[in-house]
Every structure is written in structure tokens, then in C-alpha cells.
There are 2 protein chains.
Amino acid sequence: MRAALDLFGEQGYENTSVAQIAERAGLTKSTYFRHFKDKREVLFGGQDELVGLIVAGIAGTPESAGALAAVEGALVAMAVTFTQDRWANGPRRLAVIESNDELRERDALKMAGFGRTIRDALRRRGVPELDADVAAELGILALRRGYARWLEAGGDFADVARRALEEVRIAAASLEGAE
Amino acid sequence: MRAALDLFGEQGYENTSVAQIAERAGLTKSTYFRHFKDKREVLFGGQDELVGLIVAGIAGTPESAGALAAVEGALVAMAVTFTQDRWANGPRRLAVIESNDELRERDALKMAGFGRTIRDALRRRGVPELDADVAAELGILALRRGYARWLEAGGDFADVARRALEEVRIAAASLEGAE
DNA sequence: CGGTTGATGAGACCAAGTCCCATCACTTGA
DNA sequence: TCAAGTGATGGGACTTGGTCTCATCAACCG
């Protein structure tokens, strides 16, 4: 992962071949594809862990709480992975992703995956389908906004995410109807 | 596009090569890639047209109207392409997309693209950043839900989409805060 | 009628991704 | 102590998506 990020930074994603990455890491192409299902994936590790945290975060909020409270639980639970040291490469990673369509695509899929995870977890605790959809969508929006702010400003991710979600909630509540 | 959809239905997406599609269409691989930027894209034509309709739909709603009213304008404007005859293959297309990760990925990117289009158009008319984000996200959710319902039940897409957006709006407004 | 333009065919070429088999280190059990 | 098993790696053949270049061919135009 380090080798890949370095090379992408030096030469750009498209001008870097998997063989090059493997070589710099002291491995071969074969081994690369044993660890990552494709070239893109090297930039998106750790998704399973996040999915697990989301599920646990939602399961960990009291049954009586509303959908958004559960979403907040999910975001807060994710904070354990978003620590300064583990994410020192966050900005570089983000820059590479935004430089390339294939990567943006993968990112969109990952985010949609988080959204579905949240939605399904909400529905499993009895939240009506529509509310689960809406809460999940707003949760993802808050996650994106919170993540961006956290990358710039730092601080405790849980706090940042909580604030982002509250912000989004207020904005959503105050939107007026169409007619 | 017809040849591709047929072959995907018969053999599955992954077991179909671009050469096969081209052959059935009476063309060559070269020509295929002149029309579609990659294998996936054959299932996602007409996005530019939709983006144009979104922008026009938003521009066409009165300045005084709120963000969600503008989003409604966008959805309604899209209805001109969602007609029964042009979308006779909608269900088959959807089934293929959902059968494959690469395609889901592309779909997620397209949806995110629509979201960004909505968001940017809203911000251009002075909607604050946060509200534009939220309205765009809810709009995409309504689009997805409305599209799914329209595929099953048919009817006028504009009506279906309008109802879906109103539904989403009400759900969003009624979500309670986290604490 | 000669020249231009636009779409296509044809094929070389590169890189992503799959598959299979050999190798090597490490563990385990008799 | 050794043989067998296990897991990670190397290596290379092979397929296919995707790019590029050049040739061909038809329509159109002055």
C-alpha cells in the first residue's frame, strides 16, 4: 500500500502499472493480486472493518432511540479507525482518488456500500423502509462532510462526525416542501 | 446496445466479450470502442441528456422557490426521457447491472454524478452549500425510489417522481435529533 | 472529377486480471 | 528426526479490455 501510494503520487495512477508497484514492494504481480482483488483496491483497504463498526455502532444504541441516533452511533463507532496515526496518508490517498475516474467510481461504490449497510441495519431494528433510506442517505452525507473536515482540521473524529450529522439533520428538517 | 443487452441476458455480463457484442451487431471491436468508452458504458447511454435536463429543470423553476422545489423541477424535467417506449428494456438493463459489481460501481458513479449536478445547480442559484448537499442527496434518493416504482408500476414518471420526492421530504422532516 | 470528411476494418500492442504449477519456509505429528 | 501437510510466494502462460495507427470506403462538395 505504501509503495502504491508513493508511485501514484510520483507518476500518477494511470502511469503506474501493477508490476511496478509489486516490484517496489519487493513482490510480484501474482502476490499483489492475492492481496488486492484489483489495481484500485490497494487504496480502499479496511472497508470490512468499517462495515463491522457500523453494524456494531447501530446495534449498540438503545432500541428506544430514533433512526438518526442509531446513525450517530455508527459514525461514532467508526472513530476508532479514524485516528491521526493510522490516517496519516488520508490526504494523499484522497488526492489520488479524485484524480482518476476509475477510483472515483470505486469510491462511490464503497460509499453506497456503507449506505446500504446502515440502511439494512436500521431496518433490522424495525425502522420503516423509507425512514431507513433517508436516515442512511443523510448519514452518508454527514460521513463525507465530517471526513473532509476532519482531514483538514483534525481533532476527534467522533466529535466532528457528530457535529456534521447534527448540521445535516437541521438542514434536512428545515427544507420546505415543493409547493 | 441491443446486441449487448441480449448477450448479457443470454450468457451473463462477464462471460460476454466485447468482440462478441461487436460481432452480433455486425461491427468490430474498434468500432465498439468508438461508440462506448468501455465495455460497461453500453448500458449507461444518455447520461449527458439527463444532466442537461436536470440543469434545465432547475433553471426553469422560479428564483423564489426553495431548494426542494427546484429538485422537483429537475425530476419532472427528466420525465421526457422516461417514456414507456424508450425504456422498454429498463427492467432487463437493471437486472444486468445488479448482477455484477463493475456495473453497480458504474451505476453508483452515475448517480453520484447526478447528485453533483443537482448540488452545483442549486448552489449556482444561491442555495447555501449545506442545504444544496442535503437537497441533492434527497433528490437522488427520490429519483432511485421513483425510478424503481415507475419500472414496476408504470404511469407518468413525473407523477411518480413527484410523489417519491414528497414522501422523502416528509420522512426527512420528521426524523428526530440524536439526543 | 479530384479532394475532403467521417465512419469503419484490421491488426499490433500494452496492461489488468486469471490460472496453474513449482518452490520454499514453517509447523505438526509419529 | 524426519515426512507430510500448510500457506505464502514466484513465475509464466493465457485471455480480454482498451489504445493506437494505418488502410479502406462511401458520401459529399466544389
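Numbers restart at 1 for each chain; the letters A, B, ... are given by sequence-line order, proteins then strands. Keep in mind it's a predicted model, so treat the numbers as computed, not measured.
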- Tell me, please, the opening and closing nucleotides of DNA chain D, 5' to 3', among those with an atom under 4.0 angstrom from a non-hydrogen atom of chain A.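 So the contact region on DNA chain D extends D:dT9 to D:dG12.
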- Quick one, give me the B/S/- string for nucleotides 9-27 of chain C, reading 5' to 3', where B means a protein heavy atom under 4.0 Å from the base and S means that only happens at the primed atoms, P, OP1 or OP2. BBB----SBB---------
- Message: OP1 or OP2 of C:dT8 versus the side-chain N and O atoms of B:His35: is any pair under 4.0 Å?
- Response: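 Answer yes for this pair, as a side-chain N or O of B:His35 is under 4.0 Å from OP1 or OP2.
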- With sequence neighbours excluded, what pairs up with B:Glu10 under the side-chain hydrogen bond (donor to acceptor under 3.5 Å, both in side chains) test?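 By the side-chain hydrogen bond (donor to acceptor under 3.5 Å, both in side chains) rule, B:Glu10 matches B:Arg24.
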I'd like to know if [X] and [Y] make a salt bridge, using a cut-off of under 4.0 Å between side-chain N and carboxylate O.
X: B:Asp107; Y: B:Arg104; result: no
X: B:Glu23; Y: B:Lys29; result: no
X: A:Arg162; Y: A:Asp159; result: yes

- Query: Going by number, which of residues 95-103 of chain B have a non-hydrogen atom under 4.0 Å from DNA chain C?
  - Reply: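 Contacting residues: none.
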For residues 137-146 of chain A, please give each side-chain donor-acceptor pair under 3.5 Å, one per line with the distance, not counting sequence neighbours.
from     : atom 1 : to       : atom 2 : distance (Å)
A:Glu137 : OE1    : B:Arg144 : NH2    : 3.2
A:Arg144 : NH2    : B:Glu137 : OE1    : 3.2
A:Arg145 : NH1    : B:Asp133 : OD2    : 2.8
A:Arg145 : NH2    : A:Glu167 : OE1    : 3.3

- How far apart are the closest heavy atoms of B:Leu122 and B:Ala70, and which atoms are they?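 Minimum heavy-atom contact is CD2-CB, 3.7 Å.
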List the atom pairs, donor and acceptor, that lie under 3.5 Å between side-chain atoms in residues 48-62 of chain B and the rest of the protein, sequence neighbours left out.
from    : atom 1 : to       : atom 2 : distance (Å)
B:Glu49 : OE1    : B:Arg86  : NH2    : 3.2
B:Thr61 : OG1    : B:Ile58  : O      : 2.9
B:Thr61 : OG1    : B:Arg125 : NH2    : 3.0

- Hey, what's the ring geometry for B:Trp150 with B:Trp87, parallel, tilted or perpendicular (30° and 60° as the breaks)?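 Ring orientation of B:Trp150 relative to B:Trp87: perpendicular.
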- Regarding A:Arg40 and the six-membered ring of A:Tyr13, is the cationic atom NZ or CZ under 6.0 Å from the ring centre and inside 45° of its axis?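 No.
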- Item | NZ or CZ of A:Arg93 within 45° of A:Phe44 ring axis and under 6.0 Å |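 Judged by the rule (NZ or CZ under 6.0 Å from the ring centre, within 45° of its axis), A:Arg93 counts as positioned above A:Phe44.
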